[in-house]
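What follows is a short report on a single structure.
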Amino acid sequence: MMVLAAEKVRQKLLKADFTDDVMFGMAMARFRFCKRFLQAVLPKYNFDHIELIPQK
């Protein structure tokens, strides 16, 4: 039964992309990725301090 649930989660993650809420949250939870993303979107700003707060 546990294997079946794990496989369902695995299949869902394989279909997810960056626009998926869960996938975006997981990506933004990584400091280096979050900083690079913010710098690419907002190049005029210098992100010296980023506080990562988990999505509620």
Side-chain angles (χ1 to χ4, degrees):
M1 192 60 94
M2 184 73 110
V3 174
L4 183 60
E7 182 60 25
K8 284 184 180 181
V9 170
R10 182 179 171 280
Q11 289 299 320
K12 185 175 180 178
L13 288 174
L14 287 174
K15 293 177 184 176
D17 64 10
F18 193 70
T19 61
D20 180 76
D21 187 48
V22 174
M23 188 61 75
F24 185 79
M26 288 171 45
M28 286 307 189
R30 299 185 64 197
F31 176 80
R32 287 171 52 197
F33 182 85
C34 183
K35 183 175 180 177
R36 287 181 186 167
F37 176 80
L38 290 173
Q39 287 177 327
V41 174
L42 304 165
K44 293 181 180 181
Y45 294 95
N46 185 12
F47 296 95
D48 290 332
H49 176 77
I50 298 173
E51 182 179 350
L52 299 176
I53 301 171
Q55 181 176 347
K56 296 178 182 178

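From a predicted model like this one, the values you see are computed outputs, not experimental measurements. What's counted below: heavy atoms across the whole structure, side chains too, no hydrogens, waters or symmetry copies.
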Inset, instruction - Hey, could you give me the CD/CD distance between Gln11 and Glu7, rounded to the nearest 0.5 Å? - result: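 Taking CD in Gln11 and CD in Glu7, the distance rounds to 4.5 Å.
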Inset, instruction - Supply the atom-to-atom distance Met28 CE to Ile53 CD1, rounded to the nearest 0.5 angstrom. - result: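 Answer rounded to 0.5 Å: 13.5 Å.
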Inset, instruction - Give me the ring orientation class for Tyr45 and Phe47: parallel if the planes are under 30° apart, tilted from 30 to 60°, perpendicular past 60°. - result: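 Tyr45 and Phe47: tilted rings.
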Inset, instruction - Would you indicate whether the side-chain heavy atoms of Arg32 and Arg30 approach each other to under 4.5 Å? - result: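 A side-chain contact under 4.5 Å is absent here.
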Legend entry - Ile50 side chain near Phe31 side chain, heavy-atom distance below 4.5 Å: yes
